Amino acid sequence: MAFDSLFRPGTIGGLTVRNRVVKSPNTTATCNADGTVSRRTVNHYQRLGEGGTGLVMVEYTYVDDDASKSIHGQPGASNQNHVAGLGWLADEVRSTGAAIGLQLVHAGRQRFLGTSPMKSASSSSWDVAEMPFGVVPTPLTVDEIAGVVRNFGEAAARAYAARFDLVEIHAGHGYMITNFLSPHTNDRTDDYGGSFENRARILLEIVDSVRAHVPRSFPLSVRLSVSDYEPDGIVIDETVELCRLLEQHGVDVIHASGGHHAKQEWEASSWYMARQPHRWGWEKIKPSVSIPVIASGSLVTPEIADDILSSGSADFVSLGRAMLADPDWANKAREGRQLEIVPCIRCNDGCLERGLDQKRSVGCTVNPEVAEEGRFPLGTAPAAKRVAVAGGGPAGLRAAAALHDRGHTVVLFEPGELGGALNHARGSTVKQDLAGLREHLVHEVTRRGIEVRPVAADTAAVTDGFDEVVVATGAPQRAFDGPVAEAALVLEPGDISAKREDLAGRRVVVVGGGFQGCESALRLAELPGTTVLVLERGDQLMCGDEVKYDALVLPGRLAEAGVEVRTGCEVVAVEDKGVRVRGADGAEEDVETDAVVLALGREPSAGTLADEVGAAGVPVVTIGSAAVPGRVYDALHTAYFTARRI
């Protein structure tokens with residue numbers, strides 16, 4: 001058995017769980033408008049149970065019909081009408097051998113419906129969420145607090161009636177309970193504000209209410225943030241003391257995470273952040289309590305998860321986005337097939353940017369079937385074909401594997417190294433998750449025995465004996481439109497990995513402060529002794545079509561890495577030992593440098609290969625950035641859905 005620590009049974013209170021792998025309660029937004037469970041909800045969580053997960057935690061569920069609902073498509077446990085559907089969900093998941101828990105929440109100031117009422121500890125507002133709707137928090141009155149406390153207890157009783165194995169109170173991530181716990185969002189002067197004892201009061205009352213409404217044998221979890229990472233917010237010493245108090249009040253397990261929505265980089269850490277960012281926190285909690293601790297936060301690989309358990313860092317591991325990416329994560333890890341795990345790349349594009357933030361259900365860049373389980377199977381093609389795939393980047397690799405699974409004979413044409421644009425992630429801590437995706441995609445092509453021809457795909461090659469052609473040649477780098485001196489050392493972003501030794505200790509100018517330029521600057525800043533300057537002609541960084549979570553994080557990461565940034569500077573020429581820059585006032589100056597990285601983004605391909613193949617009478621389709629320059633999401637989704645149609 002691989003990763004033995006992950007697959008030993010564990011106990012939470014009186015509940016025995018078949019292994020130590022917990023599915024974190026990610027929002028799916030698949031429920032009906034009235035909070036009742038839908039078939040999509042059941043299919044999603046049942047699939048997670050079938051994938052070998054030990055404990056499946058169902059997403060945050062609102063506890064009353066006043067102000068506790070946070071988002072569209074959210075499940076409810078606020079009245080008896082919810083119990084039947086919750087029971088259906090619990091039974092379906094339990095039938096897989098997994099245990100199932102229900103997380104209970106009050107939205108607090110993180111109510112994203114755009115409607116009143118919004119009730120929190122105080123009027124402290126997060127402008128990103130509340131101001132666009134013209135809705136700001138109203139402080140809960142003492143009588144309303146008593147009602148919320150009672151509502152949590154009654155909702156827990158409904159979870160028990162629905163035959164869940166466990167119930168969890170969500171006391172982290174910036175929702176109502178956290179609004180009380182954090183001095184950053186609690187400026188009350190009554191018994192629920194000020195001192196730590198007062199700020200913790202509502203959570204302890206909620207725990208007592210839950211304990212009064214369900215049998216003592218029914219396990220109770222509390223999920224909390226080890227810190228909200230606000231300068232004036234939750235500190236770890238208070239969190240440790242809070243966990244001691246929670247144990248005394250009858251809590252059976254601590255589910256430790258971190259951050260809140262205004263510090264999203266800590267709550268749903270992006271590919272620019274270190275993995276397991278909250279380990280420092282749960283390792284302070286664990287020796288202070290005798291109940292189990294569940295570790296949570298960017299535990300994307302079996303190696304990381306197993307190390308946490310085998311080292312005694314925590315008792316269970318909780319994975320969220322990683323199991324959106326691959327619901328079979330646990331089974332594959334247990335069987336030693338870790339390279340077959342579809343890795344979460346922590347891009348926050350499918351799940352948040354194009355999913356929940358657009359008022360849709362959750363999605364996933366690397367898993368087109370998430371929240372639509374069973375709707376889009378690859379299936380077997382009605383007739384087997386010979387298919388040529390031109391290009392070995394992410395779109396080509398994904399298409400080749402999917403076409404093979406459809407029953408086609410596939411030949412992949414790639415003159416360079418397989419991986420395409422993903423290759424730049426190797427050897428760097430910046431977006432290290434992309435290096436894992438590259439390794440996975442190459443492995444999937446290799447283990448299927450797909451023929452790879454190390455030559456460029458031309459019209460003659462891909463029309464010789466092939467029934468159909470898929471063009472996945474990517475998008476070329478946008479060219480610099482000024483003069484470039486022959487003696488200058490000029491690179492593209494994709495050259496950085498191969499030139500690391502040459503660039504170490506040098507002065508490097510990155511031309512372009514968009515997504516590509518900022519990412520390139522971070523990679524360069526990793527090199528010992530290298531100084532990096534980003535020149536952006538606009539008035540700010542990241543002004544394009546970037547994922548907003550990257551735009552929020554990258555400027556701060558650049559500052560931490562010591563990268564200098566100058567905006568309002570247009571590079572008009574690349575010279576022998578520098579660049580000529582024109583400022584907003586029209587004045588020009590020379591900036592000395594040893595090397596220049598032109599990070600100007602990508603532009604649409606001329607499309608000549610697809611045109612020539614089509615003219616030759618062979619059916620052809622163009623996917624990924626070869627069709628429209630885009631992100632990893634676009635490459636993998638167009639590859640998958642194109643393969644389904646061939």
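Quick caveat, the model's predicted, so the values are computed rather than measured.
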Review point. Which atoms form the tightest heavy-atom contact between Leu434 and Val632, and what is the distance?
Key: CD2-CG2, 4.1 Å
Practice item. Please list, chain by chain and in numerical order, all residues satisfying side chain to side chain donor-acceptor pair (under 3.5 Å) with Ser68, sequence neighbours excluded. Key: Asp64
Point to revise | Heavy-atom donor-acceptor pair, Gln74 side chain to Ser70 backbone, under 3.5 Å | key: yes
Review point. Could you go step by step and tell me if Glu303 and Gln338 meet the side-chain contact (heavy atoms from CB on, under 4.5 Å) rule?
Key: CA-CA 9 Å; Glu303 290 82 3; Gln338 56 267 40; 3.8 Å; yes
Point to revise | Pro25 backbone acceptor or donor facing Glu59 side chain under 3.5 Å | key: no
Point to revise | Heavy-atom check, side chain of Met57 versus side chain of Leu166, under 4.5 Å | key: yes
**Study point:** Evaluation steps, side-chain contact (heavy atoms from CB on, under 4.5 Å), between Arg223 and Ile169
**Key:** CA-CA 6 Å; Arg223 192 175 204 199; Ile169 299 166; over 6 Å; no
Check your understanding: Under the ring-ring contact (aromatic ring centres under 6.0 Å, His included) test, which residues partner His261, sequence neighbours left out?
Key -> Phe112, Tyr175
Exercise for review: Please name all residues satisfying side chain to side chain contact (heavy atoms under 4.5 Å, CB included) with Ala333, sequence neighbours left out, ordered by chain then number.
Suggested key: Phe3, Phe7, Pro302, Trp329, Ile341
Review point. Hey, are the side chains of Ser318 and Ile294 touching, using non-hydrogen atoms and a 4.5 Å cut-off?
Key: yes
Check your understanding: With distance as the sole test, does Ser120 use its side chain to make a donor-acceptor pair with the main-chain N or O of Gly108 at under 3.5 Å?
Key -> no
Check your understanding: Counting N and O atoms only, with roles assigned by atom type, does the side chain of Thr301 sit under 3.5 Å from a partner on the main chain of Ile304, one being a donor and the other an acceptor?
Key -> yes
Exercise for review: Find out whether the Lys NZ or Arg CZ of Arg354 is both under 6.0 angstrom from the six-membered ring centre of Tyr633 and within 45° of the ring's axis.
Suggested key: yes
Review point. Just how far is it from atom CD of Gln103 to atom CG of Asn26, taken to the nearest 0.5 Å?
Key: 10.0 Å
Review point. To the nearest 0.5 Å, what is the distance between OG (Ser361) and CG (Leu356)?
Key: 7.5 Å
Check your understanding: What residue among Asp550, Val430, Asp349 forms side-chain contact (heavy atoms from CB on, under 4.5 Å) with Trp271?
Key -> Asp550
Check your understanding: Where the side chain of Thr638 meets the backbone of Gly624, is there a donor-acceptor pair that is under 3.5 Å apart?
Key -> yes
Point to revise | With Thr429 via side chain to side chain donor-acceptor pair (under 3.5 Å) - residues at least two apart | key: Glu526
Review point. So, does Ser95 use its side chain to make a donor-acceptor pair with the main chain of Glu92 at under 3.5 Å?
Key: yes
Review point. Does a side-chain heavy-atom distance below 4.5 Å link Met273 with Ser298?
Key: no
Revision key, fill the gap. d(Ser270 OG, Gln264 CD) to nearest 0.5 Å is 10.0 Å
**Study point:** Arg523 side-chain N/O to Ser497 backbone N/O, donor-acceptor pair under 3.5 Å
**Key:** no
**Study point:** Arg321 vs Asn348 side-chain heavy atoms within contact, under 4.5 Å
**Key:** yes
Point to revise | Donor-acceptor contact present, side-chain Ser225 to main-chain His173, <3.5 Å | key: yes
Point to revise | Residues that Ala559 engages under side chain to side chain contact (heavy atoms under 4.5 Å, CB included), provided they are two or more places apart | key: none
**Study point:** Within residues 428-444 or reaching into it, pairs that qualify as salt bridge (charged side-chain N to carboxylate O under 4.0 Å, His left out) - sequence neighbours excluded
**Key:** Arg275-Asp433, Arg346-Asp433, Glu417-Arg438, Lys431-Glu519, Glu444-Arg447, Glu444-Arg448
Practice item. Mind listing the closest non-hydrogen atom pair of Ile234 and Ser227 along with its distance? Key: O-OG, 3.0 Å
Revision key, fill the gap. Pro394 and Gly419 have their tightest heavy-atom pair at CD-O, 3.7 Å
Check your understanding: Any side-chain heavy-atom pair from Ser124 and Asn179 closer than 4.5 angstrom?
Key -> no
Check your understanding: Run the salt bridge (charged side-chain N to carboxylate O under 4.0 Å, His left out) check on Glu369 and Arg375 step by step: do they pass?
Key -> CA-CA 7 Å; Glu369 293 188 274; Arg375 289 282 309 282; over 6 Å; no
**Study point:** Closest non-hydrogen atom pair between Ala400 and Val445, with its separation
**Key:** CB-CG2, 4.4 Å
Check your understanding: Within a strict 4.5 Å, meaning less than it, do heavy atoms of the Val22 and Val317 side chains meet?
Key -> no
Practice item. Find out whether Thr27 and Ile71 are in side-chain contact, i.e. whether some heavy atom of one side chain is under 4.5 Å from a heavy atom of the other. Key: yes
Check your understanding: About how many Å separate NE2 of His72 and CZ of Arg360, when rounded to the nearest 0.5 Å?
Key -> 9.5 Å
Check your understanding: Which atom pair, heavy atoms only, marks the closest approach of Asp165 to Ala99?
Key -> OD2-CA, 3.3 Å
Exercise for review: Answer whether the closest heavy-atom distance between the side chains of Leu55 and Lys23 falls below 4.5 Å.
Suggested key: no
Practice item. With sequence neighbours left out, write down each residue that passes ring-ring contact (aromatic ring centres under 6.0 Å, His included) with His424, or none if nothing qualifies. Key: none
**Study point:** Set of residues satisfying side chain to side chain contact (heavy atoms under 4.5 Å, CB included) with respect to Ala475, sequence neighbours excluded
**Key:** Arg602, Ser625, Pro629
Point to revise | With His106 via side chain to side chain donor-acceptor pair (under 3.5 Å) - residues at least two apart | key: none
Exercise for review: For Ser313, enumerate each residue passing the side chain to side chain contact (heavy atoms under 4.5 Å, CB included) test, keeping only those at least two apart in sequence or located in another chain.
Suggested key: Arg279, Trp282, Glu283, Ile308, Ser311
**Study point:** Pair Val300-Leu319, side-chain contact (heavy atoms from CB on, under 4.5 Å): steps then yes or no
**Key:** CA-CA 7 Å; Val300 290; Leu319 296 94; 5.9 Å; no
Practice item. Only counting residues at least two apart or in another chain, list the ones meeting side chain to side chain donor-acceptor pair (under 3.5 Å) with Tyr229. Key: His278, Trp280
Practice item. Working to the nearest 0.5 Å, report the span between CG of Asn367 and SG of Cys351. Key: 11.5 Å
Practice item. Using modelled atom types only, decide if a donor and an acceptor are shared between the side chain of Asn19 and the backbone of Gly52 within a distance under 3.5 Å. Key: yes
Review point. Any sub-3.5 Å donor-acceptor pair from Asp228's side-chain atoms to Gly259's backbone N or O?
Key: no
Practice item. Show the numbers, then the answer: is there a side-chain contact (heavy atoms from CB on, under 4.5 Å) between Leu541 and Leu554? Key: CA-CA 9 Å; Leu541 297 178; Leu554 273 174; over 6 Å; no
**Study point:** Residues His255, Glu168; criterion side chain to side chain donor-acceptor pair (under 3.5 Å); working and verdict
**Key:** CA-CA 9 Å; His255 193 169; Glu168 179 169 275; 2.9 Å; yes
Point to revise | Arg20/Asp315 salt bridge by N-O under 4.0 Å criterion | key: no
**Study point:** Shortest non-hydrogen separation from Val293 to Ala314 and the atoms involved
**Key:** O-CB, 3.6 Å
Check your understanding: Quick one: salt bridge (charged side-chain N to carboxylate O under 4.0 Å, His left out) pairs with a partner in residues 26-47, sequence neighbours left out?
Key -> Arg40-Glu372, Arg47-Asp328
